[in-house]
There are 2 protein chains.
Amino acid sequence: MCEKFNCCTEKRLRECFGHAGGRLTGPRRAMVDFFHMEKGHFTAEEVFEKLSEKYPGIGVATVYRTLSAMADFGILKRFDFGKGKVKYELSDGHEGVRHHHHLVCSACGKILEYDDFMDEEKAFFNKIKKTLSTRYNFLIKGHSLHFYGFCQKCQKEYEKAK
Amino acid sequence: MCEKFNCCTEKRLRECFGHAGGRLTGPRRAMVDFFHMEKGHFTAEEVFEKLSEKYPGIGVATVYRTLSAMADFGILKRFDFGKGKVKYELSDGHEGVRHHHHLVCSACGKILEYDDFMDEEKAFFNKIKKTLSTRYNFLIKGHSLHFYGFCQKCQKEYEKAK
DNA sequence: ATACTATTGATAATGAATATCAATAAGAGG
DNA sequence: CCTCTTATTGATATTCATTATCAATAGTAT
């Protein structure tokens with residue numbers, strides 16, 4: 001249960017789901033657990049399939065709904081790499097999750113994480129954010145950065161195709 | 001016609017569409033023209049609607065196909081801001097198009113462009129790219145950066161909702 | 001334990017994007 | 001300029017991720 005990780009206390013979860021009488025149900029606890037156990041990024045479909053083993057009978061609709069709620073509240077981060085399916089992952093600040101960015105393979109869809117330059121990136125983005133906020137009158141809540149190209153496996157095929 | 005802009009010569013277009021007997025057709029010319037006249041980012045649906053006025057009878061399928069081809073070849077840039085619809089815009093290097101990034105409003109979907117820090121950003125990204133390429137054995141072809149949050153109009157409603 | 005009602009899960013519906021295919025038109029060769 | 005080959009078009013059907021519907025179920029306040 002999430003209480004084991006002191007990043008998501010029951011209190012925090014009730015806050016997430018509980019605006020105006022929300023309930024901390026079995027499926028919701030299972031979803032939270034899932035993302036704390038399995039590290040990485042998953043599509044709704046993947047969550048549904050993997051979770052079905054541990055929590056048989058859960059419905060797709062519930063998975064989609066809960067993912068949305070968790071992402072809206074900030075427990076999950078939503079990614080869209082342009083492959084038609086949205087991916088979710090535990091957001092920064094959770095136990096064992098460091099701020100990171102992604103390398104996305106345009107051929108096979110594989111996603112690598114990196115956090116090599118996070119200090120520099122943070123400094124860089126913070127500076128930019130501050131200026132853009134005032135200059136464009138835009139309240140910045142976050143950013144999304146990823147590099148796309150070809151992973152090791154797909155590079156040869158790309159060279160051939162070209 | 002695109003010949004007017006010396007960024008997209010007929011030769012270049014034939015190269016784009018013409019791998020192995022490709023043809024430079026009316027609809028394709030119309031699509032290229034469209035993106036050179038109308039600056040900005042458009043969904044396939046928007047291109048279809050706006051283009052239908054100037055080029056009646058064009059089909060949705062053709063629009064989708066041509067957008068894909070142009071993006072694959074590099075004339076267009078593909079964006080996915082996670083609103084379920086893909087957007088396209090003329091890529092850098094075309095007449096009047098400077099490298100830029102985007103501010104995306106999570107509420108109304110409005111997109112602002114900025115190119116305030118491009119020199120710094122370029123330097124920063126080039127440095128990162130170089131290191132990541134070798135360290136992760138990843139052939140980097142490009143990057144995507146955008147900031148999301150709330151535009152001026154939507155900020156008040158956001159404050160209320162919170 | 002009881003009652004109230006938010007949530008669930010099965011299923012239908014939506015909507016963007018893709019596949020199908022007969023009709024059309026680009027462009028090579030005569 | 002005309003003919004022929006075939007890539008492309010556009011109408012339409014189809015796919016597939018995500019959302020809406022709604023009766024049944026299960027939190028939780030009393």
Side-chain angles (χ1 to χ4, degrees), chain A residues 1-2 10-11 13-32 34 41-49 51-73 76 78-88 109, chain B residues 1-2 10-11 13-32 34 41-49 51-73 76 78-88 109:
Chain A
M1 198 55 44
C2 204
E10 178 148 341
K11 189 184 170 205
L13 294 181
R14 288 198 182 277
E15 216 182 306
C16 171
F17 297 116
H19 39 63
R23 293 169 185 179
L24 200 39
T25 66
R28 284 175 177 173
R29 285 180 194 273
M31 292 274 294
V32 172
F34 175 85
H41 15 65
F42 302 94
T43 64
E45 196 190 358
E46 287 165 349
V47 173
F48 173 69
E49 282 177 6
L51 196 53
S52 290
E53 298 167 14
K54 293 188 178 180
Y55 200 95
I58 194 168
V60 240
T62 303
V63 170
Y64 277 101
R65 276 185 301 236
T66 310
L67 286 173
S68 263
M70 289 167 76
D72 288 346
F73 185 72
L76 295 182
R78 212 186 312 249
F79 286 102
D80 199 328
F81 295 119
K83 283 290 173 191
K85 296 184 189 182
V86 175
K87 290 203 162 196
Y88 295 86
Chain B
M1 199 54 45
C2 203
E10 178 148 339
K11 190 186 168 205
L13 293 181
R14 287 196 183 278
E15 216 182 307
C16 170
F17 298 115
H19 38 65
R23 292 167 185 180
L24 201 39
T25 66
R28 285 174 178 174
R29 285 180 194 273
M31 293 274 294
V32 172
F34 175 84
H41 14 67
F42 302 94
T43 64
E45 196 191 358
E46 287 166 348
V47 173
F48 173 71
E49 283 178 6
L51 197 53
S52 290
E53 298 169 14
K54 294 187 178 180
Y55 200 94
I58 194 168
V60 241
T62 303
V63 170
Y64 277 101
R65 276 185 301 236
T66 309
L67 286 172
S68 264
M70 289 167 75
D72 288 345
F73 185 72
L76 295 183
R78 214 186 310 250
F79 287 102
D80 200 326
F81 295 119
K83 283 289 174 192
K85 296 182 187 180
V86 175
K87 290 203 163 196
Y88 295 86

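Values reported hereafter were calculated over all heavy atoms of this structure, with side chains retained and with hydrogens, waters and symmetry mates removed. Per chain, numbering begins at 1; letters A, B, ... match sequence-line order.
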Tell me whether A/Asp80 is salt-bridged to B/Lys83, with the criterion being a basic N under 4.0 Å from an acidic carboxylate O. no
Taking atom types as modelled, is there a side-chain donor on B/Arg65 or B/Ser68 under 3.5 Å from an acceptor on the other? no
Can you check the B/Glu49 CD to C/dA16 P distance for me, whole Å? 10 Å
Just how far, in rounded Å, is P of D/dG10 from CG of B/Leu51? 10 Å
Quick check for you: among C/dT5, D/dT5, C/dA17, whose closest atom lies nearest to any side-chain atom of B/Ala44? C/dA17
Phosphate oxygens OP1/OP2 of D/dT8: is one of them under 4.0 Å from a side-chain N or O of B/Arg28? yes
Between A/Thr62 and A/Pro27, the two heavy atoms sitting closest are CG2-CB, 3.9 Å
In whole angstrom, give the distance that lies between atom CG of A/Asp80 and atom C1' of C/dA17. 14 Å
On a plain distance test, is the side chain of A/Arg65 in donor-acceptor contact with the base of C/dG9 below 3.5 Å? yes
In whole Å, I'd like the distance from the CD atom of A/Glu45 to the P atom of D/dT15. 16 Å
Rounding to a whole Å, what distance do you find between B/Leu67:CG and D/dG10:C1'? 15 Å
Just compare C/dG9, D/dT9, C/dA6 and give me whichever is closest to any side-chain atom of A/Arg23. C/dA6
Check whether any side-chain nitrogen or oxygen of A/Tyr64 sits under 4.0 Å from OP1 or OP2 of D/dT18, and answer yes or no. yes
Expressed in angstrom and rounded to an integer, what is the separation of A/Ile58 atom CD1 from D/dT25 atom P? 17 Å
On DNA chain C, nearest-nucleotide positions of A/Pro56 versus B/Ser68: which is more 5'? A/Pro56
In whole angstroms, the gap separating C1' of C/dA28 from CG of B/Leu24 amounts to 16 Å
For C/dA6, does either OP1 or OP2 sit under 4.0 Å from a side-chain N or O belonging to A/Thr25? no
Establish, yes or no, whether a centroid distance under 6.0 Å links the rings of B/Tyr55 and B/Phe34. no
How close or far is atom C1' of C/dA25 from atom CZ of B/Phe17, stated in whole angstroms? 16 Å
What pair of heavy atoms forms the shortest contact from A/Arg78 to A/Ala71, and how long is it? NH2-CB, 3.5 Å
